Amino acid sequence: MAIEFASRSVPLVRRLQTVAVLQWVYSFLALAQTCIILFFVLLFTRFWIISVLYGVWWFIDWDTPTLGGRRSPWLQRSVVWRYLRDYFPIKLIKTADLDPNKNYIFGFHPHGVLIAGGFTNFCTEATGFPDLYPGITPYLLMLPLWFRAPFFRDYIMSGGLIPSDKDSATYLLKKKKSGTAIVIAVGGAAESLDARPGAFTLMLKNRKGFIRLAIENGASLVPVFSFGENELFDQVENPKGSMLRRIQENLQKLMGVALPLFHARGVFQYSFGLIPYRRPINTIIGKPIPVLENPNPTNEDVERLHKLYMEKLSELFEEHKTNYNVPADKHLTFV
């Protein structure tokens with residue numbers, strides 16, 4: 001295979017965009033592990049006091065992630081995220097106003113490999129979420145596992161990330177009486193195993209926990225579809241029933257995280273690597289679906305709202321797909 005190297009005449013701004021994406025990919029794939037190693041290595045150096053003091057702080061601060069986290073507006077406005085946005089580029093499209101006197105649950109689809117659109121739109125201010133939806137504060141849910149990594153937990157909390165468990169989401173929906181938007185990548189890590197160009201399969205048919213959460217807290221549901229999310233990486237073929245897929249699914253059950261074998265381009269060449277392709281992501285935020293609060297919803301209540309949600313998500317996809325070069329004969333598939 002011939003390797004296509006990047007030209008030395010690439011403009012500086014594009015190089016900065018690539019650097020921004022490189023640090024983002026590293027943050028997702030290896031920063032947590034790096035922080036854990038650093039924490040223990042420091043204990044055996046003359047800087048041991050750093051880990052000891054952090055350990056004391058960590059113990060005192062243990063519950064913060066489940067109590068709304070600790071976001072940093074300064075970090076969310078960093079120029080790094082604007083370079084990340086422009087690399088693809090990523091755009092956020094508004095279809096309706098959201099009342100800041102209400103709470104919301106955003107269902108984000110699809111997960112993609114590294115949820116690039118979800119992170120950039122809801123954990124940074126690069127695409128203008130605060131201007132489009134004044135008075136609304138988004139909180140993206142992430143696997144609780146990552147909030148147990150020293151140092152890394154503080155970094156991800158700064159972007160408004162909170163653990164993806166019911167207690168963390170309920171705390172915000174109850175404590176913050178208005179203007180809270182819980183963002184849930186409904187398909188979860190399992191959906192990343194099907195994230196490849198041209199794929200429109202969503203793991204949604206049996207995902208109903210977020211529906212029950214919405215009813216119990218009276219939070220309006222908002223379908224969100226991110227066109228281009230699955231176009232960023234190629235993935236090794238892993239059809240259902242294959243040995244690779246069985247191994248991936250077993251590892252996911254064991255560790256709670258999926259391990260898609262993805263690839264795209266490199267930093268200095270375009271033929272292979274873990275840097276995503278430069279392909280546009282357009283995230284469409286749909287109209288809110290009003291939900292009446294009911295602390296004890298029946299299964300029928302959940303089923304009814306779940307069906308309505310899937311219908312509205314499909315309508316959102318169908319309404320906008322031709323704007324983003326999706327063939328007319330392509331439709332969402334729910335599994």
Side-chain angles (χ1 to χ4, degrees), residues 13-14 17-18 20-21 24-25 28 76 80-98 104-133 136 138 140 159 181 183-187 191-192 194-204 221-235 262 264-265 275-289 309-310 312-334:
V13 66
R14 288 177 69 87
Q17 290 168 2
T18 302
V21 170
W24 170 72
V25 171
F28 260 82
Q76 289 181 300
V80 172
W81 308 129
R82 295 200 290 273
Y83 282 118
L84 175 67
R85 172 199 66 196
D86 294 339
Y87 173 90
F88 298 96
I90 299 174
K91 294 182 180 179
L92 185 64
I93 294 90
K94 172 182 176 179
T95 63
D97 291 330
L98 297 182
Y104 302 90
I105 293 179
F106 287 15
F108 183 87
H109 313 271
H111 183 284
V113 172
L114 297 181
I115 195 168
F119 174 82
T120 307
N121 287 308
F122 304 117
C123 297
T124 81
E125 297 186 7
T127 56
F129 184 93
D131 297 322
L132 290 172
Y133 300 99
I136 305 293
L140 181 64
V183 184
I184 303 175
V186 180
E191 194 173 82
S192 68
D194 289 316
R196 50 175 49 86
F200 297 102
T201 299
L202 304 181
M203 295 194 71
L204 180 57
L221 284 166
V222 181
V224 180
F225 195 88
S226 197
F227 289 92
E229 198 75 42
N230 282 343
E231 308 301 314
L232 307 184
F233 298 95
D234 292 314
Q235 189 171 165
F262 62 92
R265 51 158 288 190
I275 303 297
Y277 296 121
R278 283 182 179 266
R279 292 174 180 169
I281 298 174
N282 294 279
T283 304
I284 316 292
I285 298 183
K287 299 176 182 178
I289 304 169
Y309 178 84
M310 290 197 296
K312 293 299 182 182
L313 177 61
S314 293
E315 289 175 8
L316 183 70
F317 175 80
E318 296 295 334
E319 181 181 352
H320 294 276
K321 68 180 183 181
T322 55
N323 296 331
Y324 305 109
N325 301 316
V326 177
D329 61 345
K330 288 285 187 177
H331 309 285
L332 293 182
T333 302
F334 300 125

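Worth saying up front: this structure is predicted, and the values here are computed from it rather than measured.
Applying the side chain to side chain donor-acceptor pair (under 3.5 Å) test to Arg196 and every residue at least two apart in sequence or in another chain returns Asn238. Shown here are the side chain to side chain donor-acceptor pair (under 3.5 Å) partners of Ser192, two or more places apart in sequence or in another chain: there are none. For the side chain to side chain contact (heavy atoms under 4.5 Å, CB included) test, residues two or more places apart in sequence or in another chain that qualify with Lys321 are Phe227, Phe317, Glu318, Val326, His331. Taking the side chain to side chain contact (heavy atoms under 4.5 Å, CB included) definition, one finds that Gln17 meets it with Val13, Arg14, Tyr83, Asp86, Tyr87, Arg278, sequence neighbours left out. With sequence neighbours excluded, no residue forms a side chain to side chain donor-acceptor pair (under 3.5 Å) with Glu319.
Distance alone, capped at 3.5 Å, places no donor-acceptor pair between the Glu191 side chain and the Pro110 backbone. With hydrogens and angles disregarded, a donor-acceptor distance shorter than 3.5 Å links the side chain of Gln76 to the backbone of Gly159.
To the nearest 0.5 Å, atoms CG (Leu92) and CD1 (Ile285) are separated by 4.0 Å. Atom CH2 of residue Trp24 and atom OG1 of residue Thr120 lie 6.5 Å apart, to the nearest 0.5 angstrom. Note: Phe88 CZ to Tyr277 OH = 13.0 Å, rounded to the nearest 0.5 Å. Atoms NE2 and CG, from His109 and Leu313 in turn, are 4.5 Å apart once rounded to the nearest 0.5 Å. For the atom pair CG of Leu140 and CD1 of Ile115, the computed distance is 5.0 Å after rounding to the nearest 0.5 Å. Between the CG atom in Leu84 and the CD1 atom in Ile90 there is a gap of 5.5 Å [rounded to 0.5 Å].
Looking at heavy atoms from C-beta onward, Ile105 lies in side-chain contact with Ile184 at the 4.5 angstrom threshold. Leu232 places a side-chain heavy atom less than 4.5 Å from the side chain of Ile281.
Asn121 and Thr283 share a donor-acceptor pair across their side chains, judged by distance under 3.5 Å alone.
Pairs engaging residues 107-131 under the salt bridge (Lys or Arg N to Asp or Glu O under 4.0 Å) rule: Arg77-Glu125 [sequence neighbours left out].
Taking a 6.0 Å sphere around NZ of Lys287, one finds it holds 12 or fewer heavy atoms contributed by other residues, nucleotides or ligands.
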